[in-house]
Amino acid sequence: MEAANESPADKDPFLTSLGERIRNLRARRGLTRKATAHAAGISERHLANLELGTGNASILVLVQVARALQCSLAEIIGDVTTSSPEWLMIRELLEGRSEADLHRARLKLDELFGSTSDRQQRLSRIALIGLRGAGKSTLGRMLAQDLGYPFVELNREIEKVAGCSIVEIHSLYGTNAYRRYERRALEEIVQIYPEVVIATPGGIVSEPATFNVLLAHCFTVWLQADPEDHMKRVIAQGDFRPMSGSREAMDDLKRILAGRAAFYAKADLAYNTSGHSLEETFAGLRTAVRQAAGLMDWAA
């Protein structure tokens, strides 16, 4: 039977879940299906079939073998958590834990390995995260001026490290190289600035190692906005990325936001920038940041 003719009832539950994970990962990274297929070296139709849960049925053989051996598919494939007995035992301890439990475990690991700045240092570095159009650059500059801190746009620092523009990094070296430059630039900012307001790229949450550095060394603020406001602000800036070439731009934006929301929610503070003027939005953000970070209100 052709994949295109399969009914939902004919789909294997595992392949359906696999397709959903691929879609979510693609949305989190802000990539179109066409761009993802090109980067992977496969046809767009093949990727579409994978996302629909109708492609690459040969992986079912691995599932069957895993079931027969009474182990997880990860142990058959050989991911990092199968590389040693300690990894396997740690994974077993974390298996099935709630998000709250996993959060506490991550914080304890940060403390154990000394990867987190002390509280005062972290509170003195304010990092704004969120999708493009949330107001990170505009509000970040205003917040930095109010606090008397330097303002840094991480994208500009990435360009300095790489010696070329963001567009050139992606076109010449690819996404993996961009992520390496992104982490290096963030680590340099943390080393150089004891006090700073940072506007981060929307996709920084797509790379867990880099996002961990941000969470460990900065007080993070998720600037939220309604999808319609994101779209209007991006268009007003004359910048249609990451929706360029898409006939369903709003749907793409909503999928990206849905794919990243759980990661943005790891921020110390969430603040919605929709429904108010710029002045009202900044006043509310200023108060929320000062209160949450324990900063004295100098204007009081």
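Nothing fancy with the numbering, it's 1 onward along the sequence.
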How close do Val196 and Ile189 get, heavy atom to heavy atom, and via which atoms?
CG1-CG2, 4.5 Å
Nearest heavy-atom contact between Arg179 and Ser206 is NH2-CB, 3.9 Å
Ser171 and Glu168: CA distance, side-chain angles, deciding distance, side-chain hydrogen bond (donor to acceptor under 3.5 Å, both in side chains) verdict
CA-CA 5 Å; Ser171 62; Glu168 290 172 325; over 6 Å; no
Where Pro201 and Leu154 come nearest, the two heavy atoms and their spacing
CD-CD2, 3.6 Å
Could you go through the side-chain hydrogen bond (donor to acceptor under 3.5 Å, both in side chains) check for Glu153 and Ser137 one step at a time?
CA-CA 7 Å; Glu153 287 199 78; Ser137 295; 2.7 Å; yes
Applying ring-ring contact (aromatic ring centres under 6.0 Å, His included), which residue pairs with at least one partner in residues 157-182 are found, sequence neighbours left out?
His170-Tyr178
Ala127 to Cys218 - nearest heavy-atom pair and separation:
CB-CB, 3.8 Å
If you define the side chain from C-beta out and look only at heavy atoms, does anything of Val161 sit under 4.5 Å from Glu182?
no
Taking side-chain hydrogen bond (donor to acceptor under 3.5 Å, both in side chains) as the test, write out the residues that go with Lys254, two or more places apart.
none
Quick check: is Trp87 connected to Leu94 through a chain of hydrophobic side chains (ILVMFWY, heavy atoms under 4.5 Å apart)?
no
For a 4.5 angstrom cut-off between non-hydrogen side-chain atoms, does Glu157 reach Ile198?
no
Close side-chain approach of Val221 to Asp268, heavy-atom, < 4.5 Å
no
Are Ile192 and Leu214 joined in one hydrophobic group, where the rule is that I, L, V, M, F, W and Y side chains link up if heavy atoms are under 4.5 Å apart?
yes
Answer yes or no: are there more than 12 heavy-atom neighbours, outside Glu187 itself, under 6.0 Å from its atom CD?
yes
